[in-house]
Number of protein chains: 2
Amino acid sequence: MSARPHDSARDIPEATVARLPVYLRALTALAEAGTETCSSEELATSAGVNSAKLRKDLSYLGSYGTRGVGYDVDHLRYEIAREIGVTQDWPVVIVGIGNLGHALANFSGFRSRGFRVVALLDADERRRGERVAGIEVRDFEDLEEIVREHGVSIGVIATPAGAAQAVSDRMVSAGITSILNFAPGVISVPQGVDVRKVDLSIELQILAYHEQRKQAGEATGPVADPAGEAAAEVLA
Amino acid sequence: MSARPHDSARDIPEATVARLPVYLRALTALAEAGTETCSSEELATSAGVNSAKLRKDLSYLGSYGTRGVGYDVDHLRYEIAREIGVTQDWPVVIVGIGNLGHALANFSGFRSRGFRVVALLDADERRRGERVAGIEVRDFEDLEEIVREHGVSIGVIATPAGAAQAVSDRMVSAGITSILNFAPGVISVPQGVDVRKVDLSIELQILAYHEQRKQAGEATGPVADPAGEAAAEVLA
DNA sequence: CGGTGTGAAGTAGTTCACAGCG
DNA sequence: CGCTGTGAACTACTTCACACCG
């Protein structure tokens, strides 16, 4: 706790926070390709943003670039990782081991990015004992014990919608303060608990909205349309 | 249906578009509970937003409420569905039938929200012929044929990161103009093609950032943590 | 010179607060 | 009277453009 570059207490805009992991991934790719230095332009391109935004974002963390040169890939990578908090290891529990829970448990991207799945829980006792990704599926009732034992603060909900609120409540009272929710529908949590929601059908619906617009304006549309028959009638 | 309420050509803010599916889901839940009418306050609560935002959002679609009363659940539901474009049926292809592809293929929320999975494709021929959610897994090479035959304009990428760009390119040249990408990393597409990205580990990293902040300011917290030390090597 | 870092300008999104209608 | 619909005020985010420094 001596002279930190700056006390990392600066409040970073939420939009920037959401992009830092993207930059981190881009930097990792650059590092793996053997690149030692990159300009804001290069990094921005591989992260899919424009360079002004990238520089502004990085400026919230500090001045880690060299004027006239660019950024040291490894150093910047470290600084971003530290800022996000992925230099430490985060234990995670996943509740609901259906199709999605299986996919999540097997997802290697967690492990390699500072997250460790310490338990898989399911209320259905027919799933009990099954091993998924080398981890035994345990009773949801064991939640409190596991949270205590491993110091878990992040939980993932992959249950059907109907169970989500109850699972969330139980997670919160067990001490979990960050929840990633894959179940459709809103869950409510007390202040101080963060929830992020991933909803597959919402994403598709957003795409559908824009797609509908494209197809409505076809004839002189920017994209040649395949079989433009499906421009159907409105349903009842 | 003589005169359209207004030509539905109004440009709706992107932030609003992203919330319309949430309202739609909330309305569906209300309808299933037998509610016929609701106020902006009620609907906002069940959608997890505040009522001013909800009313502003709905105002972009038109005036579908009744002052002093509220909204007719079924009517509003219809208007939002029409605006999003989910009153019509959208054929979708899923490429990459690993764990995640399985979960997506089995996800019932697609079917019930205007999306129909018309094909599952995988480049790995060992997966060929397997049936997932009643749909046969076919060769990725069949993409063009399927897109043509079913008039597909929405594609889902659930492959490993390395394959995503190639799959995307192929989708675009087959005529797909909207892509939902679950593969980590940025894919680039020509203008006129929409991409939405869902990245599990990014979501977790955002949670970790906030979690780290909470824990930094703690004296008595749920988790004891040896925060910033051993911060030598970054990630694997 | 070349590329970062950043004030200033511009744009998008949210919240307020209340007029106006059923 | 109650609740919607909406200008106006505010806040957050993005982009511009250039001073500054290695």
Side-chain angles (χ1 to χ4, degrees), chain A residues 5-6 8 10-23 26-27 30 35-77 79-80 83 186 202 206 209-210, chain B residues 5-6 8 10-23 26-27 30 35-77 79-80 83 206 209-210:
Chain A
H6 47 56
S8 80
R10 180 116 51 285
D11 54 324
I12 298 178
E14 196 51 39
T16 297
V17 170
R19 283 187 296 265
L20 292 178
V22 179
Y23 302 153
L27 285 165
L30 288 173
T35 311
E36 287 176 4
T37 296
C38 66
S39 67
S40 64
E41 195 61 62
E42 290 169 298
L43 180 52
T45 301
S46 60
V49 301
N50 70 52
S51 63
K53 194 188 278 184
L54 177 103
R55 289 200 302 280
K56 183 65 112 181
D57 283 343
L58 295 184
S59 77
Y60 293 112
L61 312 195
S63 290
Y64 299 123
T66 308
R67 288 167 197 245
V69 179
Y71 301 92
D72 178 273
V73 171
D74 278 333
H75 181 234
L76 185 56
R77 203 148 77 103
E79 292 295 347
I80 294 177
E83 191 68 44
V186 177
I202 285 180
I206 296 169
Y209 171 83
H210 294 294
Chain B
H6 46 56
S8 82
R10 180 118 50 286
D11 54 324
I12 298 178
E14 195 51 38
T16 296
V17 170
R19 281 187 296 265
L20 291 179
V22 179
Y23 302 153
L27 285 165
L30 287 173
T35 311
E36 286 177 2
T37 295
C38 67
S39 66
S40 64
E41 194 61 62
E42 290 168 300
L43 180 53
T45 301
S46 59
V49 302
N50 70 52
S51 63
K53 194 188 279 182
L54 176 105
R55 289 200 303 277
K56 182 66 112 180
D57 283 342
L58 295 184
S59 77
Y60 294 113
L61 312 194
S63 290
Y64 298 124
T66 308
R67 288 166 197 245
V69 179
Y71 302 92
D72 179 274
V73 171
D74 278 332
H75 182 234
L76 185 56
R77 202 147 77 103
E79 292 295 347
I80 294 177
E83 191 68 44
I206 295 169
Y209 171 82
H210 294 293

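Chain letters run A, B, ... following the sequence lines, proteins first and then strands; every chain starts at 1.
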Nearest 0.5 angstrom please: [X] [atom1] to [Y] [atom2], how far?
X: A:Leu76; Y: A:Leu61; atom1: CG; atom2: CG; answer: 7.5 Å
X: B:Cys38; Y: B:Leu43; atom1: SG; atom2: CG; answer: 4.5 Å
X: A:Ile12; Y: A:Arg19; atom1: CD1; atom2: CZ; answer: 11.5 Å
X: A:Thr35; Y: A:Asp72; atom1: OG1; atom2: CG; answer: 11.5 Å
X: A:Arg77; Y: A:Tyr64; atom1: CZ; atom2: OH; answer: 16.0 Å
X: A:Ser40; Y: A:Asp57; atom1: OG; atom2: CG; answer: 11.5 Å

[N] [atom2] sits how many Å from [X] [atom1], rounded?
X: B:Arg67; N: C:dC21; atom1: CZ; atom2: P; value: 7 Å
X: B:Glu41; N: D:dC3; atom1: CD; atom2: P; value: 9 Å
X: A:Leu58; N: C:dT6; atom1: CG; atom2: P; value: 11 Å
X: A:Tyr60; N: C:dG5; atom1: OH; atom2: P; value: 14 Å
X: B:Asp11; N: C:dT11; atom1: CG; atom2: P; value: 14 Å

**Study point:** Side-chain heavy-atom pair A:Glu83, A:Val17 within 4.5 angstrom cut-off
**Key:** no
Point to revise | Any side-chain heavy-atom pair of B:Leu54 and B:Tyr23 under 4.5 Å | key: yes
Checking contacts here: which listed nucleotide ([options]) is nearest the side-chain heavy atoms of [X]?
X: A:Ser40; options: C:dA19, C:dT4, D:dT14; value: C:dT4
X: A:Ser63; options: D:dG2, C:dT4, C:dG5; value: C:dG5
X: A:Ala15; options: D:dC13, D:dG5, D:dA19; value: D:dC13

Study note, to complete from the structure: From the list B:Glu42, B:Arg55, B:Glu36, side-chain contact (heavy atoms from CB on, under 4.5 Å) with B:Tyr71 holds only for B:Arg55
Exercise for review: Kindly state which residues belonging to residues 43-57 of chain B come within less than 4.0 angstrom of DNA chain D, counting heavy atoms of the residue only, listed by number.
Suggested key: B:Arg55, B:Lys56
Check your understanding: If you look at every strand shown and take non-hydrogen atoms under 4.0 Å, does A:Glu14 touch a base, only sugar-phosphate, or nothing?
Key -> sugar-phosphate
Practice item. Take the C1' atoms of the five end pairs on each side of the helix from C:dC1-D:dG22 to C:dG22-D:dC1, get both axes, and report the angle to 10 degrees. Key: 10°
Check your understanding: Under 4.0 Å between a side-chain N or O of A:Tyr71 and OP1 or OP2 of C:dG5?
Key -> yes
Exercise for review: Hey, which sits more toward the 5' end of DNA chain D by its nearest nucleotide, A:Thr16 or A:Gly68?
Suggested key: A:Thr16
